[in-house]
Protein chains: 2
Amino acid sequence: MSLNDLDERIVHALAEDARRTYADIGAEVGLSAPAVKRRVDRLREQGAITGFTVRVDPAALGWKTEGFIEMYCRSHTTPDDIHRGLSRYPEVAAASTVTGDADALVQIFASDMRHFEQVLERIAGEPFVERTKSVLVLSPLLRRYTAGPPV
Amino acid sequence: MSLNDLDERIVHALAEDARRTYADIGAEVGLSAPAVKRRVDRLREQGAITGFTVRVDPAALGWKTEGFIEMYCRSHTTPDDIHRGLSRYPEVAAASTVTGDADALVQIFASDMRHFEQVLERIAGEPFVERTKSVLVLSPLLRRYTAGPPV
DNA sequence: CATGAAAGTAAGACAAC
DNA sequence: GTTGTCTTACTTTCATG
């Protein structure tokens, strides 16, 4: 499956404003509204578009402390173990298994430093976690799109 | 500015599906459609909601290689220098200055390993960059919301 | 915050290229 | 296979109470 230029421009338009009308997007890319909708529907079926979401300002919502936790896990910990263990934390914004020294990198949003510390301690106490190393975000410089990719 | 329970539930509903109708959301939270719209408008004015975007599957769009670059910068590099330097790269999905050894943490999406390597080399060659350390994502386990925060 | 009317938008069926 | 036009139903929006 490959996206042609038209699909890319539609996704790009939706990335900037997911509530734009199909007619509006169509005017930009040179299609009628139904044609745009059909392509969006197809992109959803293909799994290229997984949904629409709101872009929020963490700080404005009271999540003023952001950080990353590098997790070092015990032997025989599966990615699925980590996923199950972390999905219970609403403070976990993202998590991936990674190459390098650590086993996983976990992005955290907390209301303040005290909250961050509590989350860190609870995660460090998970049975599959051997040790952790964490860094705090000083300034969020750049953030694009939901899942991160440049479209 | 603080969000009450109603606002939170509206943001949560939009986070799950930003194209839901106001009437639909209203039925869930117990408000009429105009009432929901007014709150959303107010949240946008306040900056709590910064926009609506599409949630895409990077892999389905051809961005199959994800990684993080820890940047060690030269002295006297400002966050603004980093922002200016990195915003030119479409492959940069997110970037933050952080505590710890590295100065900044940069999230990258590339089409493949070769592409990732090229981006890494170009970023490492930026005048404000002293050295880099990079990790590759093996499995993206969890991803929530646009800007990352739990709502 | 709800109601109701007007304007705008979505979605499906259809024909045409 | 994809597109554009049309029609219907729904949603949004703004005025008013």
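Letters A, B, ... mirror the listed sequences (proteins, then strands); counts begin at 1.
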**Student:** Is it true that a side-chain atom of Thr53(A) and a backbone atom of Arg55(B) form a donor plus acceptor pair closer than 3.5 Å?
**Tutor:** no
**Student:** Just the rounded figure in Å: distance from P of dT2(D) to CG of Asp41(A).
**Tutor:**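 It is 13 Å, rounded to the nearest whole Å.
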**Student:** Please report, rounded to the nearest Å, how far the P atom of dA11(C) is from the CZ atom of Arg38(A).
**Tutor:** 12 Å
**Student:** Backbone N or O of Ala124(B) within a donor-acceptor pair of the Thr132(B) side chain at under 3.5 Å?
**Tutor:** no
**Student:** Should Arg42(A) be listed as having a side-chain N or O under 4.0 Å from OP1 or OP2 of dT2(D)?
**Tutor:** yes
**Student:** Hydrophobic clusters here meaning ILVMFWY residues chained together by side-chain heavy-atom distances under 4.5 Å, can you tell me if Phe52(A) and Ile10(A) are in one?
**Tutor:**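 Phe52(A) and Ile10(A): one cluster.
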**Student:** Give me, pair by pair, the N or O atoms of the protein and of nucleotides 7-10 of chain C that are less than 3.5 Å apart, along with how far apart they are.
**Tutor:**
unit_1, atom_1, unit_2, atom_2, d
dA10(C), OP1, Arg19(B), NH2, 3.4
dA10(C), OP2, Tyr22(A), N, 3.3

**Student:** Compare all side-chain heavy atoms of Arg39(A) with those of Leu31(A) and state whether any distance is below 4.5 angstrom.
**Tutor:** yes
**Student:** Taking the side chain as every heavy atom from C-beta outward, state whether Val92(B) and Arg144(A) have any atom pair closer than 4.5 Å.
**Tutor:** yes
**Student:** Could you tell me whether the phosphate oxygens of dC1(C), OP1 or OP2, come under 4.0 Å of any side-chain nitrogen or oxygen in Arg39(B)?
**Tutor:**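 The answer is yes; a side-chain N or O of Arg39(B) sits under 4.0 Å from OP1 or OP2.
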**Student:** Whole-Å distance between dG1(D) P and Leu31(A) CG?
**Tutor:**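 Interatomic distance, CG of Leu31(A) to P of dG1(D): 18 Å.
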**Student:** For Thr97(B) and Ser139(A), indicate whether the former's side chain and the latter's backbone hold a donor-acceptor pair under 3.5 Å.
**Tutor:** yes
